[in-house]
Amino acid sequence: VAVMAVSKPLSRFWENYADHVRECAARVSEPVLFLKPSTAYVRNLHHELELGVVMGKRCRAAPESAAMDYVGGYALCLDMTARDVQDECKKKGLPWTLAKSFTASCPVSAFVPKEKIPDPHNLKLWLKVNGELRQEGETSSMIFSIPYIISYVSKIITLEEGDIILTGTPKGVGPVKENDEIEAGIHGLPKVSSATLPVRLQE
């Protein structure tokens with residue numbers, strides 16, 4: 001899962017889909033957090049599609065029962081990952097900063113007010129590379145719910161208005177290269193809501 005600050009250099013991310021955890025042969029008993037700075041908003045580069053939760057107001061140590069009151073809306077995000085760098089960091093027991101936080105490593109869609117998405121746990125996300133479907137997953141498959149994530153993070157780090165929490169990626173992550181075209185969206189959500197991500201990779 002990740003959190004990203006819009007106006008402040010603060011961000012964090014985590015694995016939160018059981019099928020992706022199996023895909024990576026990882027074990028998850030609690031959310032895994034890492035940082036992305038605001039400059040990360042677009043080697044062996046992989047795409048990871050994630051639903052972003054945009055904080056609507058300052059949130060500190062929120063109880064899970066009240067966590068959704070702090071949500072302002074949502075956005076689609078790409079957690080672009082330098083997989084070879086990440087693998088080296090894992091081997092050495094180092095933080096993932098170099099693999100996750102390079103400039104333009106996190107394209108973000110336009111903001112979608114929470115009224116447009118009454119149940120964020122009942123969405124189907126999709127991602128295509130050059131027209132080929134690569135990722136498709138349902139937010140109902142998340143291991144940790146959005147209220148749990150907000151509560152967990154806000155007890156460690158105070159969340160500010162505009163911060164974005166990335167909630168994990170479904171299975172199907174894979175490599176992309178220069179000039180690939182990536183498109184992502186939410187099934188059933190009209191394009192007028194702007195929850196789409198067209199990205200063309202450039203060196």
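Predicted model only: the values in this text are computed from it and were never measured.
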Can you confirm whether [X] sits close enough to [Y] that some side-chain heavy atom of one is under 4.5 Å from a side-chain heavy atom of the other?
X      : Y      : result
Lys90  : Trp96  : yes
Leu51  : Pro120 : yes
Asn44  : Lys177 : no
His121 : Pro147 : yes
Met55  : Lys57  : no
Thr167 : Thr139 : no
Arg83  : Leu45  : no
Leu76  : Val108 : no

**OP:** For side-chain contact (heavy atoms from CB on, under 4.5 Å), just list the numbers for Asp79 and Leu49, CA-CA rounded to whole Å, side-chain angles, deciding distance to a tenth of an Å, and then say yes or no.
**Re:** CA-CA 6 Å; Asp79 172 19; Leu49 175 64; over 6 Å; no

Subject >> Step-by-step side-chain contact (heavy atoms from CB on, under 4.5 Å) determination, Ile164 to Cys77 >> reply: CA-CA 9 Å; Ile164 304 176; Cys77 306; 4.2 Å; yes

How close do [X] and [Y] get, counting heavy atoms only, and between which atoms?
X      : Y      : value
Gln135 : Leu133 : O-CD1, 3.6 Å
Cys106 : Leu166 : SG-CD2, 4.0 Å
Arg134 : Gly174 : NH1-C, 4.4 Å

Quick check against the 3.5 Å criterion: does [X] have a side-chain atom that pairs as donor or acceptor with the backbone of [Y]?
X      : Y      : answer
Glu50  : Leu78  : no
Ser105 : Phe102 : yes
Ser151 : Tyr148 : no
Asn130 : Glu181 : yes

Subject >> Results of side chain to side chain contact (heavy atoms under 4.5 Å, CB included) for Lys91 - residues two or more places apart only >> reply: Glu88

Subject >> Ile150 vs Cys59, side-chain contact (heavy atoms from CB on, under 4.5 Å): CA-CA, chis, key distance, verdict >> reply: CA-CA 8 Å; Ile150 294 171; Cys59 178; 3.9 Å; yes

Subject >> By side chain to side chain donor-acceptor pair (under 3.5 Å) - contacts of Arg58 (at least two apart) >> reply: Glu160

Name the atoms and distances for all side-chain donor-acceptor pairs under 3.5 Å in residues 67-75, with sequence neighbours left out.
none

Got a second to check how far [X]'s [atom1] is from [Y]'s [atom2], nearest 0.5 Å?
X      : Y      : atom1 : atom2 : result
Ile186 : Lys116 : CD1   : NZ    : 12.5 Å
Glu48  : Thr169 : CD    : OG1   : 5.0 Å
Asp84  : Cys89  : CG    : SG    : 9.5 Å
Lys155 : Ile157 : NZ    : CD1   : 14.5 Å

Original post:
Any side-chain donor paired with an acceptor under 3.5 Å for His187 and Glu136?
Top reply: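 Yes.
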
Original post:
Do Ile156 and Ile149 belong together in a cluster built from hydrophobic side chains that touch within less than 4.5 Å?
Top reply: yes

Subject >> Identified side-chain hydrogen bond (donor to acceptor under 3.5 Å, both in side chains) counterpart of Thr81 within the set His46, Lys100, His47, Gln86 >> reply: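 Going through His46, Lys100, His47, Gln86 one by one, the side-chain hydrogen bond (donor to acceptor under 3.5 Å, both in side chains) with Thr81 is satisfied by Lys100 alone.
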
Original post:
Do Leu127 and Glu183 pass the side-chain contact (heavy atoms from CB on, under 4.5 Å) test, and can you show the C-alpha distance, the side-chain angles, and the key distance before you say yes or no?
Top reply: CA-CA 6 Å; Leu127 179 143; Glu183 185 179 8; over 6 Å; no

Original post:
Taking the six-membered ring of Trp126, is the NZ or CZ of Lys124 close enough (under 6.0 Å from the centre) and on axis enough (within 45°)?
Top reply: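 No cation-pi geometry.
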
